[in-house]
Structures are given as C-alpha cells and as structure tokens.
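The structure appears below as structure tokens.
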Amino acid sequence: MDTKDVSDFPLAIEGDPAPMVSFRKVTKSYGNLTVLDALDLDVAEGEMVTIIGPSGSGKTTVLRMLMTLETINGGVIYVDGKPLTHMERGGKLVPANDRHLRQIRSKIGMCFQHFNLFPHMTALENCMEGPVHVLGLTKQDARERSEELLAMVGMADKRDQHPSRLSGGQQQRVAIARALAMRPKVMLFDEVTSALDPEVIGEVTNVIRTLVSEHNLTMLMVTHQMGFARDISDRICFFYGGRIEEQGAPDELFGNPQRERTQQFLSAVKEAH
Ligand SMILES: Nc1ncnc2c1ncn2[C@@H]1O[C@H](COP(=O)(O)OP(=O)(O)O)[C@@H](O)[C@H]1O
Ligand SMILES: [Mg+2]
C-alpha cells in the first residue's frame, strides 16, 4: 500500500455530514481475481444498509475489510471520519499501524453466520469478556452492561448457561449481545440467520428489528431474507461482481428494479422460496 494524498480521496462533499462508513474506490483482489472493483459505498450515521447479491459477489469481503480481517489493494476506507486502513501524517495517508487499527476496530461490532461463542464460558461471561479485557471495565460494570443487553435480547434467564445448552437462535442472540457490549458505533451482520432452523429465525430478526427502531446504531447487513431486508432497511445495495450494480430505497429496489441483473436475481430468489 502506498502513501497517498488525502485530497485524492475526499471523505465528504463540502457541507454534508461525513458518513459513518465510507469506501472510496476500494479494490480487493486475490491473485488475478478482483473481488471488489473500485467500490464506492457510504453508510450514514444511524442508517441501516442491507447488501444483497449472488454468492461470490463480494458481500462478505466488504464486512471482513471493515473488521480489518483483510488488507485492501487500493482505495481508502473511512470509519467515523478517520481512515481505517491509513493514518494521516502531514496531509498524507500512510498505511495504519496496529495501534491505529485496534482503535478504529473497537468502533465496529460483527456477528457472523456461525456465532463463535467461547464454549467454556456462560452467556454472561461471554458478554463480559471483551468489556473487562479489552475496554478495561470493572467486573461489576461489565456485568451490569451485559445483564442489560442479555435482557434486551430476551436471554436474561439463560445467562448462566454455556453455549452447548442453548439453541442456535439463543446462541445467536447472545452473540449479538456480546458484540453490543463493546458499545460499537457500527454493527455488521453477515447472514446471521442462515445457519438457523426456520422456527427460530424470527427471534433473531426481532432483535435486529429492535436495534433498528430503538437504537441509533449504524448497521450494515448481509442477508438472503428479502422480506426482512425490505421491512427494516433504509437502503438496499445489490452487489454483482464486486460492484454495486443498483441501490435504492427498499420499495424501489424490490418493487421496481431497473437493472436486468437485479431483476434476474430477485426473480431467482423468489422462485427458490
Ligand atoms: N481468502 C480468499 N482467497 C481467495 N479467494 C477468496 C478469498 N476470500 C474470498 N474469495 C473469493 O472472493 C469472492 C467474493 O467472496 P465473498 O465476499 O465471500 O462473497 P459473498 O459473501 O458475496 O458470497 C469469491 O469469488 C470468493 O471465492
Ligand atoms: Mg458471504
């Protein structure tokens, strides 16, 4: 990654508030395969954006790069007004060091398809771990925060259970509480209902609904549940080949898609259900 001029990657149009998350001409490739192709994507503070699109179109890659699980090959990612992958040094953007990455990463929480709870810890201990060991909260403060969040996701009565004693839906709700216990500004959800039995999907989507309606979190979600996405999103981005093929308000994108690829994808998804 090279040094770049800050002015080549303007964060915001003058006069507009800066977005919470911003991809500027971000390129990611593996060998010859370009997975993200000069991607521009903004998410405003408090906005819920859902990414849909065919398998392999780069949806997960977008989230993994926000978690700095991947390095990028070109462009800049901004989170909360600061470059994620770069630091500003005298008007230049230079590649970020570990300390900078940790600081920015602490603003982002993520839930995956597989919940990855710590198996040897109870639900409550899972939620307390990060606040105590990463944020430096006292056990008492971490416990209060975690109990409140477990109550919010409807898991207060299971707080002393280990993950192996919980259903998939219950584990996923604990995983959401655990991510929120770090007080992220941005939450990422990657197919969080895909590994669940159909009858427990609703308990997880209801938690996400509550977050949308009652909290001012910025959220970026990948899902195959089109009805859910249409209900709760402010905007839908349809990904194809590492680019945004089409985006818009849910009713526009689902009700009146303009691009042929979007139309084809949506009708294929409809037939599969
Ligand atoms: N570590 C990797 N090495 C090589 N190719 C990868 C790697 N991770 C992802 N890819 C490829 O990048 C493309 C996009 O992957 P991904 O973002 O996971 O797609 P989606 O989530 O939309 O299904 C796919 O073609 C995938 O095979
Ligand atoms: Mg994926």
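Indexing begins at 1, ligand by ligand and atom by atom, following the structure's order.
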Cation over ring face, Arg209 and Phe228, 6.0 Å, 45°:
no

Where do Met187 and Pro184 come nearest, in terms of heavy atoms and distance?
SD-CG, 3.8 Å

In the hydrophobic clustering that connects Ile, Leu, Val, Met, Phe, Trp and Tyr at side-chain heavy-atom distances below 4.5 Å, which members other than Leu101 occupy its cluster, ordered by chain and number?
none

Walk me through it: do Arg24 and Ser22 pass the test side-chain hydrogen bond (donor to acceptor under 3.5 Å, both in side chains)?
CA-CA 6 Å; Arg24 286 283 178 272; Ser22 190; 3.1 Å; yes

Do any side-chain atoms of residues 51-59 form donor-acceptor pairs under 3.5 angstrom with protein atoms, and if so which ones, sequence neighbours left out?
unit_1: Ser57; atom_1: OG; unit_2: Pro54; atom_2: O; d: 2.7
unit_1: Lys59; atom_1: NZ; unit_2: Gly53; atom_2: O; d: 3.0
unit_1: Lys59; atom_1: NZ; unit_2: Pro54; atom_2: O; d: 2.9

For Thr193 and Gln225, which I'm curious about, is there any donor-acceptor pair between the side chains at under 3.5 Å?
yes

Mind listing the closest non-hydrogen atom pair of Pro163 and Leu117 along with its distance?
CG-CB, 3.8 Å

Provide the protein N, O or S atoms situated under 2.8 Å from the Mg ion (ligand 2); waters are not included.
Thr60 OG1

Residue pair Asp160 / Thr122, side-chain donor-acceptor N/O under 3.5 Å:
no

Would you say Thr34's side chain and Asp37's backbone share a donor-acceptor pair under 3.5 angstrom?
no

At a 4.0 angstrom heavy-atom cut-off, what protein residues surround ligand 1?
Tyr30, Leu33, Val35, Pro54, Ser55, Gly56, Ser57, Gly58, Lys59, Thr60, Thr61

